[in-house]
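Because the structure is predicted, anything quoted here is derived from the model rather than measured. Proteins come first, then strands; the chains are lettered A, B, ... in the order of their sequence lines, and each starts at number 1.
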Amino acid sequence: MLEVQLLYNYLVIGALLFGIGLVGLLSRRNMLIMFLAAEMMLQGVSLSLVAFGRFHNDWGGTTLVILILTVAACEAAILLALVQCLFHRTGNLDIAVWHDLRDANQPKFIDQEVPGDDAAKPEWPTLTPAGIEPEVDADEALEHRIHV
Amino acid sequence: MSAAALLATTLITPQWPYALAALLFAAGMWLLLPRGAARGRRLGAGVCLAGLALLTLLVHCGMVVACGEESCDVKWLPALSTSLGLGEDFVFLTLAAVTVASAIASVTFRKPVYCAIWFALCLMGVAGLFLYQGAQFLGVATIVVYAGAILVTILFVLMLATPEGHAYYDRLSWEAPLSSVLAGVLVGLLTITTASALTTPPTGDKPAAPAWLAAKTTDAYHAERSKNILNDNHLAGIGRELFSKHLIAVEVAGTLLLVALVGAVAIAQSIGPTASATKRDS
Amino acid sequence: MFETKSLMVLIPALPLAAAIIVGLLGRRWLKEYSHVPVVLALAGSCVFSLLLLKDISNREPDAKQVGVEVTHTLWTWAAIPAAGVTTPQIKATPNFQIDITLRADPLTCMMLPMVTFIATLVAIYAMGYMHGDPGYWRFYAYVGLFVFSMTMLVSVSNFALLYVFWEAVGVCSYLLIGFWFEKPEAAAAGKKAFLVNRVGDFGFAFGLFLIWVSFGTLNFHDAGDVQGVLGQTLLANPARYAEIITGSVALAIPLLLMVGACGKSAQFPLHVWLPDAMEGPTPVSALIHAATMVTAGVYMVTRCSPLFMLDPRAQLVVACIGGFTALLAGLIALTQTDLKRVLAYSTVSQLGYMFLALGTGSLAGIVAGMFHLFTHAFFKALLFLGAGSVMHGMHHIIDMRRFSGLRRVMPWTCLTFLIGSLALAGIVPLAGFWSKDQVLAAVHDRAHDGGPFVYLYYSAVLTAFLTAFYTARAFFMTFMGPLVVPHEVGDHAHESPPAMVFPLVVLAICSIFVGITFDHSLGDFIVRTPSLACTLVAGEHGLEHHFHWDIAAISTVVAVLGIAIAAYFYLGDRRQINALTRIMQGVRLYGLSNRKFFFDEIYHVLFVLPLKGLAALSYLIDRWLVDGLVNLCGWIPRAVGAVLRNIQTGVVQFYALAMVLGLALLIGTLLVWKVG
Amino acid sequence: MNDPFVFTLLLPLVGTMLVAAFGSTSHVGARITALIVSLVTLLFASRVTLAWLGGHPYEIDVPWFSNAAIDIRFNLGLDGLSVWMFALSALLTVTAILVSWEAIKDRAALFYSMLLLLETGMLGCFAARDIILFYVFFEFTLIPLFFLIGIWGSEERRYAAIKFFLYTLAGSMLTFLGLLAIVLWVYDQTGREQMTFSIAKLVAALGEHPLPLNLQLTLFVALFAGFAIKVPLFPLHTWLPLAHVQAPTAGSVILAGILLKIGTYGFLRFSLPMLPDATVTAMPCVLVLSGAGIIYGALVALAQGDMKRLIAYSSVSHLGYCMLGIFALNKLGMQGGALQMINHGLSTGGLFAVIGMVYERYHTRQIADLGGLARRTPMLAVCMLLFTFSSIGLPGLNGFAGEFLILTGMFQRAWSDAPAIYQATWMTIAVAGVFGVVLGAWYMLWLVERVFFGPLKEPGGHAPAPAAHGHGSHDHHGHAAAAHDDHSAIHDLNFREAVALVPLVVFMFWIGLVPQTFLAPMAPELDKVEAIVAKAYAKHDWKSVAKTEDELNHRDAEDAEKKTEMKIVNVVDQLPERGGE
């Protein structure tokens with residue numbers, strides 16, 4: 001592949017990663033997913049940097065990406081601590097709970113109604129009844145943690 | 001003029017195909033994002049794919065214009081035709097497809113753990129792309145640092161912090177249409193910019209590559225490159241670069257890591273009895 | 001003994017020094033001795049004035065000089081040199097220089113002894129009249145200040161300074177009218193006097209500005225190469241005036257000055273303040289509102305007579321205002337029941353006489369006006385002081401309907417008042433007769449040619465009749481008839497103390513003799529004033545001294561007739577007068593006169609109310625329109641903010657979205673701009 | 001050598017910190033320290049002033065932000081325009097401290113330090129010779145006054161403070177832009193070597209490279225925005241009554257006495273000499289506004305029931321005279337206007353002080369609540385009367401000197417030097433000016449009559465002022481209540497108050513009797529300004545302004561125009577230096 005072709009391709013992929021990450025950052029409400037999305041944007045940038053570095057025959061791109069990696073690591077450490085902290089306060093990972101930056105006397109952000117769970121009821125295996133029907137354990141009937 | 005060149009001139013010169021691709025991509029992203037309902041996700045995937053495919057085509061055509069018909073005739077058709085022979089284009093295309101697809105998946109899946117795992121795959125793709133670029137160290141470092149350390153920590157946190165049942169906020173998106181469209185617009189703008197940077201406006205019937213580009217594509221320059229950034233002692237090169245020119249930056253980065261460590265500990269320590277704790281107790 | 005220049009300085013300086021001493025020390029230390037510095041200073045001033053008079057009367061005009069004048073510059077008040085840039089569009093502006101310059105000429109020297117003499121007597125009188133008043137020191141401080149201002153007014157040699165002291169005497173008048181400030185009427189009267197005078201000064205100021213732009217100086221005298229408005233150079237060549245001021249300006253300047261004079265000398269239509277000014281202590285009324293300050297207008301017109309000579313229309317206006325005011329005030333005085341008011345309107349009327357004389361425009365007329373001013377000062381001061389004596393005896397009750405027959409308890413007052421009344425009425429050989437005769441003669445001279453002066457002459461004669469009538473009426477109502485005193489007085493009615501009687505007697509003697517003594521000499525003296533002497537230069541023959549038998553006869557007849565009719569009505573049975581009053585009330589003439597022709601009411605409706613309404617309206621506009629616009633300017637950003645703050649949701653992702661939106665817009669714009 | 005000057009400027013600043021250091025411990029200590037500092041400052045200011053008058057001017061000139069490209073200097077010095085205002089600032093600060101002596105007990109240390117800070121600003125503003133420095137001090141005066149009004153004011157103090165602050169700030173922002181534009185123009189025209197901010201250098205440079213008329217007009221409007229609001233010129237005055245009414249006495253004294261003059265000073269210092277052509281073009285408008293302001297302010301004052309508001313509106317009227325004089329653009333008017341700046345500072349400052357004293361005694365500013373105070377407080381009444389006389393332009397006192405010169409100047413402008421189309425208008429304005437004197441006498445004397453004359457009437461019986469009365473008067477509530485119970489507690493002018501007022505009275509008489517003392521030092525500087533403006537006036541094409549009228553009017557007017565035009569041609573021929581332009 002020609003060098004310039006390589007550069008062009010990488011730039012486009014970098015842009016795509018950046019864009020996808022952006023979508024995630026802007027629209028997902030789970031703080032952790034947002035973090036992932038942000039990292040993804042960094043990846044997009046890193047790709048572009050490396051491609052430019054190679055194209056221009058310069059170590060700068062590589063160096064910068066290494067630094068980005070370092071910063072990302074720090075960022076992850078701090079962020080995870082913060083997320084843990086925030087989660088302890090409210091019991092969820094919803095970013096929309098934290099919206100204290102608004103002007104005084106403004107109405108609070110009201111979430112739209114939670115849609116019904118389209119997972120509906122858990123589907124239990126239908127077996128031929130044999131013996132006594134097992135008593136439904138309240139804990140087991142709960143749907144929690146069937147999907148992690 | 002070959003068919004590809006014809007295609008290229010018809011597609012590249014006006015910019016609306018880019019817009020169309022970006023729009024398709026945006027629409028697909030929107031459909032893919034969690035919206036409280038699962039309907040339309042497949043359609044979204046399809047649309048998104050269509051958009052990306054169009055984009056790929058456009059990128060290729062852009063290359064045709066930038067590098068001239070010769071490169072096209074030599075590289076383009078054989079690349080596809082010999083794809084089953086694991087040509088280097090095929091490797092690149094696969095890596096790119098994996099990266100982009102897993103990236104899309106990682107931001108659109110509803111369940112955070114899946115997202116994390118898709119993200120891991122995305123990182124793999126990126127690492128592969130790094131390797132493909134000849135940046136071995138970065139490829140390995142990405143896997144070690146991101147996939148190995150960061151992602152695992154995230155998974156830890158997810159395990160610790162995911163509430164009971166389906167979290168409602170994972171089934172809702174914030175301003176999904178607007179953000180998708182914005183991202184699409186950005187991608188479109190970036191590609192158009194790149195494309196237009198690589199070609200000068202058409203004079204006569206054929207756009208020409210700019211002069212600076214030509215300078216960077218000479219064989220001499222390539223030889224220079226293989227002595228420097230693409231040399232065999234890649235790691236030695238990085239080390240020399242890092243510890244000579246960027247010594248201070250490296251030191252600062254090291255300090256930063258330490259500070260972050262201390263900071264994370266301090267923040268984590270400050271967690272006290274909370275609402276969630278009481279909520280869980282009740 | 002004293003140099004002329006030091007005399008000129010000492011005359012005003014003494015009262016000023018006394019006023020400052022009393023003002024600073026009076027309240028704490030001098031108290032009931034506050035009169036001492038002032039009386040001494042005034043007496044000193046009077047003596048110096050006489051010395052100055054002697055000095056000036058001994059001087060003969062140089063060959064180069066028109067008339068006699070001595071000037072003395074003290075310091076420069078303001079000096080602004082001319083602008084450096086002169087172009088055809090910007091005329092060469094003269095240097096603006098105002099010096100504090102005193103002058104002594106016959107006109108000044110006539111005024112100074114009169115002012116200081118009467119002031120001294122009034123100050124002595126007030127020792128008795130104001131005795132025991134808590135504001136005793138204040139009174140003397142004000143009087144000192146007034147005499148200073150008045151002497152300066154007649155001594156300065158510059159229009160700006162004339163204006164300065166013009167207002168300064170107004171302030172003293174304001175302070176003295178409002179002397180008993182706790183009385184709302186007094187406070188209001190003081191303010192009214194000041195304001196009406198301000199309206200007059202409005203015109204005066206414009207006269208000044210016109211003089212300044214026309215002559216390029218405000219000096220009377222020549223100083224350096226600046227030719228004063230009334231300086232020797234111009235006066236020696238009166239034709240120059242016509243070159244300097246032409247057309248409407250020649251009419252405007254005297255008329256505007258006349259507006260000022262109307263204010264100060266209480267001429268129609270600005271006469272309304274003087275009767276109200278009677279709220280002040282009576283010595284003040286005698287000094288300021290009869291003898292001295294109110295004559296400042298007459299003095300000024302006389303001083304500026306070269307300017308008034310320029311346009312006959314101006315003279316006619318002056319004469320008409322004077323004649324009309326004289327008649328009007330005479331009519332009002334007929335029915336007033338307040339003794340001081342009668343005298344006040346009489347003052348207005350007599351001042352009208354003086355203006356009538358000045359308005360004739362002839363040298364004889366001007367001299368007659370000044371002569372009348374001179375004699376009037378004595379007998380009117382006498383009358384006021386007499387009225388004050390009555391008030392003193394009647395515990396400050398001054399309504400003539402509440403007392404009568406006071407000749408029994410106040411013989412000296414009665415006698416001196418009688419002399420004053422006869423002098424005012426113009427009975428031979430008292431002072432008023434001589435001066436009024438000169439005035440009537442001057443008007444009669446102008447009436448030879450026909451025209452408006454004929455009517456003015458008749459109205460003057462009618463006024464003479466009215467004067468005699470109301471003067472006699474006042475005298476009869478107060479002093480004749482059965483003894484009646486207000487019940488507040490009980491049987492404490494008494495003659496005034498010697499300090500009050502002495503000035504009465506002195507003034508009574510003066511009222512008898514000043515007329516016949518100075519009948520000719522005064523005129524001969526003041527025509528040597530440069531402003532008047534110039535008419536001689538211009539070719540008018542000098543003063544002719546011949547006695548006008550015809551006019552003397554007419555005026556005497558008229559005066560005697562007035563007194564006789566008054567005697568008929570007021571000495572005998574009161575039924576006739578009551579019947580007459582009823583008839584007059586029936587045709588609504590009595591009310592017209594008694595209510596002063598409703599001038600106060602008319603002014604209230606015409607000027608005061610509209611202005612107050614305008615003020616209220618302006619305030620509303622200010623609050624709601626002007627401030628409203630300002631508040632609107634403040635409201636717009638707030639409204640925009642109120643809308644925009646809704647997007648500050650606090651949701652981080654929203655902000656991120658906005659950032660990306662901005663980024664996209666930015667890149668898009670750049671792209672379109674640079675590439676597309 | 002420059003010690004006294006440096007001291008004058010530094011002392012209040014040092015005093016600010018010293019006084020603030022008292023905190024809430026001792027208001028007595030704070031006010032005594034403040035008084036001493038202000039007195040010493042006054043001493044040094046007098047020394048500086050006298051030295052200037054004696055021909056030995058002090059000057060501070062230190063590079064501040066100065067390099068090869070840009071030259072902002074810490075350049076301070078006096079000249080004819082500023083010398084009296086400089087001295088007056090130092091004097092009125094002492095007055096302000098003395099009148100606040102008893103009135104301010106709450107957070108007194110802060111109050112006095114704010115006053116001293118304000119003094120620094122004022123002194124600096126008048127002494128500044130560098131545009132940036134001037135602007136810094138110009139804005140610097142806002143902040144202390146904002147706090148003075150906002151903390152120690154009356155009921156609506158917050159609103160008043162904010163309105164005052166925003167209004168003046170909005171204007172001065174534009175002013176700053178205008179000034180910068182002038183600097184940039186000069187920089188551009190003089191070879192782009194070093195950007196100078198020195199006022200004198202700028203004026204000189206603008207003389208050689210005048211701005212084009214359109215640009216001048218734009219900049220004039222920008223400068224006008226700040227200065228006219230500060231003056232305040234009708235109709236930009238509405239912040240003033242509010243600020244005055246709500247401000248504590250000291251604030252009113254300083255505001256009326258000094259701060260308003262910064263506006264007129266700005267016109268004399270910047271607008272006139274730097275933008276002469278625009279000044280001449282705008283002159284008819286400004287004259288109309290000034291004339292309207294004179295009458296309007298007087299009329300509104302007539303309708304007031306609140307003493308302070310009345311005086312505030314009288315300020316609008318009086319500042320109208322200042323502007324009238326300055327924009328008559330001849331020597332008489334400008335000297336009168338400059339003199340009137342001092343006069344108004346003395347007389348209105350004094351009036352506010354007296355009214356503050358009345359307020360301190362009775363806790364009301366309503367005219368209707370009071371009457372006959374001359375009986376209770378005779379000396380106060382005398383002072384009031386004196387300041388009133390001064391304010392209404394009574395001859396012998398200062399007000400007359402200023403107003404007489406202004407009106408003479410205006411009259412001369414209207415009568416002798418006016419272009420034909422404006423003659424009638426300008427005459428009307430002159431008449432309005434004189435009529436304003438009559439109205440002025442009316443509302444002031446009416447005020448005196450109602451408050452000080454007539455039968456004694458004191459507010460009594462009702463409860464002390466409501467709780468929303470302001471922090472400044474917490475301490476007095478007890479005192480006030482006692483006063484309401486027994487008016488014998490009301491005393492006449494005491495020694496402290498007399499000391500506060502006497503210097504003002506002395507200067508009032510001095511200016512009234514020998515204005516030449518004050519005029520002569522100002523003359524050279526004003527003459528320079530006048531010369532610049534007069535050239536522009538002569539050069540100005542009056543016809544273009546009147547074009548619309550020209551079209552409407554019949555031939556007579558056109559003939560008159562032609563004559564004017566011919567005159568102008570002559571003028572242009574005859575102008576020596578700038579004839580070719």
Most contacts with chain A, counted as non-hydrogen pairs under 4.5 angstrom, among B:Leu190, B:Val187, B:Leu138, B:Thr191: B:Leu138

B:Leu258 portion near chain A, given a 4.5 angstrom heavy-atom threshold: neither

Residue, of A:Ile33, A:Leu25, A:Leu22, that accumulates the most heavy atom pairs under 4.5 Å with chain B: A:Ile33

Top contributor to chain A contacts, counting heavy-atom pairs under 4.5 Å, from B:Gly263, B:Ala176, B:Pro34: B:Pro34

Aromatic ring pairing B:Tyr132/A:Tyr10, orientation class (parallel under 30°, perpendicular over 60°, tilted between): parallel

Chain A contact via B:Ala26 - side chain, backbone, both or neither, heavy atoms under 4.5 Å: neither

Which atoms of B:Ala135 approach chain A - backbone, side chain, both or neither, heavy atom under 4.5 Å: side chain

Side chain, backbone, both or neither of B:Leu178 within contact of chain A (heavy atoms, under 4.5 Å): neither

B:Phe130 side chain near A:Ser46 side chain, heavy-atom distance below 4.5 Å: yes

Contacting moiety of B:Thr108, where chain A heavy atoms sit under 4.5 Å: backbone

Close contacts, residues 239-246 of chain B versus chain A, judged by heavy atoms under 4.5 Å: B:Glu241, B:Leu242, B:His246

Max heavy-atom pair count under 4.5 Å with chain B, selected residue of A:Ala37, A:Ala51, A:Gly60, A:Ala77: A:Ala51

Under 4.5 Å from a heavy atom of chain A, the part of B:Cys122 involved: side chain

Top contributor to chain A contacts, counting heavy-atom pairs under 4.5 Å, from B:Gly237, B:Pro177, B:Gly134: B:Gly237

Min side-chain heavy-atom separation A:Ile20-B:Phe25 under 4.5 Å: yes

Most contacts with chain A, counted as non-hydrogen pairs under 4.5 angstrom, among B:Val145, B:Ile154, B:Val181: B:Ile154

Interface moiety of B:Leu123 toward chain A, non-hydrogen atoms closer than 4.5 Å: side chain

Contact summary for B:Ala253 and A:Leu67, nearest pair of heavy atoms: CB-CD2, 3.9 Å

Interface moiety of B:Leu33 toward chain A, non-hydrogen atoms closer than 4.5 Å: side chain

side-chain contact (heavy atoms from CB on, under 4.5 Å) assessment of A:Leu80 paired with B:Phe156: CA-CA 10 Å; A:Leu80 293 175; B:Phe156 260 128; over 6 Å; no

Side chain proximity check, A:Thr70 to B:Val250, heavy atoms < 4.5 angstrom: no

Residue pair B:Tyr221 / A:His56: nearest heavy atoms and the distance that separates them: OH-O, 3.1 Å

Point-to-point distance, once rounded to the nearest 0.5 Å, from SG of A:Cys85 to CD1 of B:Ile267: 7.5 Å

Non-hydrogen atoms of A:Ala81 and B:Ala264 that approach each other most closely: CB-O, 3.6 Å

Nearest heavy-atom neighbours spanning B:Arg225 and A:Arg54: NE-O, 2.8 Å

Region of B:Leu189 in contact with chain A, defined by heavy-atom distances below 4.5 Å: neither

Least distance between heavy atoms, B:Leu172 atom then A:Arg29 atom: CD1-NH1, 3.5 Å

Most chain A-contacting option - heavy-atom pairs closer than 4.5 Å, from B:Val100, B:Leu129, B:Leu256, B:Leu186: B:Leu129

Side-chain heavy atoms of B:Tyr146 within contact of A:Leu69, under 4.5 Å: yes

Step-by-step side-chain contact (heavy atoms from CB on, under 4.5 Å) determination, B:Val126 to A:Leu17: CA-CA 10 Å; B:Val126 171; A:Leu17 277 186; 3.8 Å; yes

Atom pair OG/CE of B:Ser106 and A:Met40 - distance to nearest 0.5 Å: 3.0 Å

Gap separating the CG atom of B:Asn228 from the CG atom of A:Asp58, nearest 0.5 angstrom: 8.0 Å

Top contributor to chain B interface from A:Leu26, A:Asn30, A:Val83, A:Leu11 [non-hydrogen pairs under 4.5 Å]: A:Asn30

Worked check of side-chain contact (heavy atoms from CB on, under 4.5 Å) between B:Trp174 and A:Arg28: CA-CA 6 Å; B:Trp174 223 92; A:Arg28 296 307 299 265; over 6 Å; no

Pairs of heavy atoms under 4.5 Å with chain A: top-ranked of B:Leu230, B:Ile229, B:Thr142, B:Val252: B:Ile229

B:Phe92 vs A:Ile13 side-chain heavy atoms within contact, under 4.5 Å: yes

Worked check of side-chain contact (heavy atoms from CB on, under 4.5 Å) between B:Phe137 and A:Ile66: CA-CA 9 Å; B:Phe137 177 74; A:Ile66 290 174; 3.7 Å; yes

Closest approach of A:Ile78 to B:Ala260 (non-hydrogen atoms, all atoms of both residues): CD1-O, 3.5 Å

Contact origin within A:Phe35 toward chain B - heavy atom pairs under 4.5 Å: side chain

